[in-house]
> 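Just passing along the structure, written as structure tokens.
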Amino acid sequence: MEPPAKKSRQMEQGTGSPGDDRTLALQRIQRTVDGFERQLAEERHSVDRFLADLRKDIGVLAAAREPPSSAIGAASAETAGDVVLLNVGGVHFCTSRSTLTKYRDSMLGAMFSGQFALKTDGNGRIFIDRDGEL
């Protein structure tokens with residue numbers, strides 16, 4: 001058996017056994033992979049922060065934007081006791097505008113805020129092109 005100092009020098013010089021060389025190569029590869037994983041985590045964190053800031057900015061802009069006076073569906077959503085008739089992918093729903101706008105930061109909250117034109121079907125229901133089956 002070789003003394004530890006001699007084995008260490010052989011590994012540093014690359015003169016050890018092929019198994020030692022493979023071990024060193026695997027260690028270098030693992031360090032490289034670890035570095036890439038740290039870098040990727042940092043980039044993901046940066047992107048998440050950017051998206052959060054962007055969502056805040058969109059919310060501020062949407063809140064500051066004045067609703068257009070000719071929004072399709074906005075007038076019909078406010079009539080008939082605040083009842084809203086929906087056609088979601090061919091499935092019909094009946095709800096209230098206050099339910100749809102309860103969470104202002106949601107997609108439905110934004111859609112029914114009065115700021116956007118809404119498509120209606122042939123029966124006057126507000127059309128949402130999504131799967132309506134629950």
Side-chain angles (χ1 to χ4, degrees):
M1 179 169 215
E2 296 177 4
K6 183 176 181 183
K7 191 170 187 176
S8 177
R9 275 194 305 273
Q10 287 176 337
M11 288 193 332
E12 287 174 7
Q13 296 169 355
T15 59
S17 70
D20 292 340
D21 290 342
R22 281 183 282 216
T23 300
L24 289 174
L26 287 173
Q27 289 171 347
R28 282 194 303 272
I29 291 169
Q30 186 60 52
R31 283 192 300 271
T32 301
V33 168
D34 291 345
F36 284 139
E37 287 176 343
R38 279 191 301 276
Q39 189 176 9
L40 180 60
E42 291 169 4
E43 291 295 327
R44 280 185 182 152
H45 184 67
S46 176
V47 168
D48 288 343
R49 281 193 320 255
F50 175 76
L51 287 174
D53 290 344
L54 187 58
R55 286 184 183 112
K56 285 180 194 173
D57 292 345
I58 290 170
V60 168
L61 289 172
R65 188 173 156 192
E66 202 171 312
S69 59
S70 63
I72 299 172
S76 64
E78 293 176 22
T79 61
D82 201 30
V83 173
V84 179
L85 301 176
L86 301 171
N87 175 350
V88 183
V91 180
H92 299 163
F93 295 93
C94 180
T95 188
S96 68
R97 180 183 171 110
S98 62
T99 296
L100 294 169
T101 59
K102 182 175 182 178
Y103 300 100
R104 294 179 61 185
D105 294 332
S106 71
M107 185 59 158
L108 289 172
M111 285 176 65
F112 291 90
S113 67
Q115 297 179 12
F116 300 98
L118 300 172
K119 296 178 184 177
T120 57
D121 66 10
N123 295 319
R125 288 183 166 87
I126 297 171
F127 179 71
I128 300 175
D129 191 15
R130 293 286 183 259
D131 184 4
E133 296 294 329
L134 298 175

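Just the heavy atoms: all of them, side chains too, but no hydrogens, waters or symmetry mates, feed the values below. The shown structure was predicted, so the numbers you read here are calculated from the model rather than taken from an experiment.
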> Using the side chain to side chain contact (heavy atoms under 4.5 Å, CB included) rule, take Leu24 and Asp20 through it: C-alpha gap first, then chi angles, then the decisive distance, then the call.
CA-CA 6 Å; Leu24 289 174; Asp20 292 340; 5.5 Å; no
> Check whether Thr101 reaches the backbone of Arg104 with its side chain - one donor and one acceptor, N or O, closer than 3.5 Å.
no
> If you draw a 6.0 Å radius around CG in Asp121, do more than 12 non-hydrogen atoms from other residues or ligands fall strictly inside?
yes
> Closest heavy-atom contact between Ser113 and Ala110?
OG-O, 2.8 Å
> To the nearest 0.5 Å, how far apart are CD in Gln30 and OG1 in Thr23?
13.0 Å
> Show which residues join Ile29 in its hydrophobic cluster (side-chain heavy-atom contacts under 4.5 Å, direct or indirect), or state none.
Val33
> Could you state the interatomic distance from CD (Glu43) to CG (Asp48), rounded to the nearest 0.5 Å?
11.0 Å
> Going from CE on Met107 to CZ on Arg130, what distance comes out if it is rounded to the nearest 0.5 angstrom?
7.0 Å
> CG of Leu100 to CD1 of Ile126: how many Å apart, nearest 0.5 Å?
8.0 Å
> Are the side chains of Ile128 and Met111 in contact, using a 4.5 Å heavy-atom criterion?
yes
> Can you hop from Tyr103 to Leu118 via hydrophobic side chains spaced under 4.5 Å?
no
> Checking Phe93 against Val88 for the side chain to side chain contact (heavy atoms under 4.5 Å, CB included) test, could you report, in this order, the C-alpha distance in whole Å, the side-chain angles of both residues, the deciding distance, and whether it holds?
CA-CA 7 Å; Phe93 295 93; Val88 183; 3.7 Å; yes
> Closest approach of Ser96 and Thr99, non-hydrogen atoms and distance?
OG-OG1, 2.9 Å
> Backbone N or O of Glu42 within a donor-acceptor pair of the Ser46 side chain at under 3.5 Å?
no
> In the hydrophobic clustering that connects Ile, Leu, Val, Met, Phe, Trp and Tyr at side-chain heavy-atom distances below 4.5 Å, which members other than Phe36 occupy its cluster, ordered by chain and number?
none
> Going from OG on Ser98 to CZ on Phe112, what distance comes out if it is rounded to the nearest 0.5 angstrom?
12.0 Å
> Leu85: what forms a side chain to side chain contact (heavy atoms under 4.5 Å, CB included) with it, not counting sequence neighbours?
Val83, Cys94, Arg125
> To the nearest 0.5 Å, tell me how far Asp34 CG sits from Gln39 CD.
13.0 Å
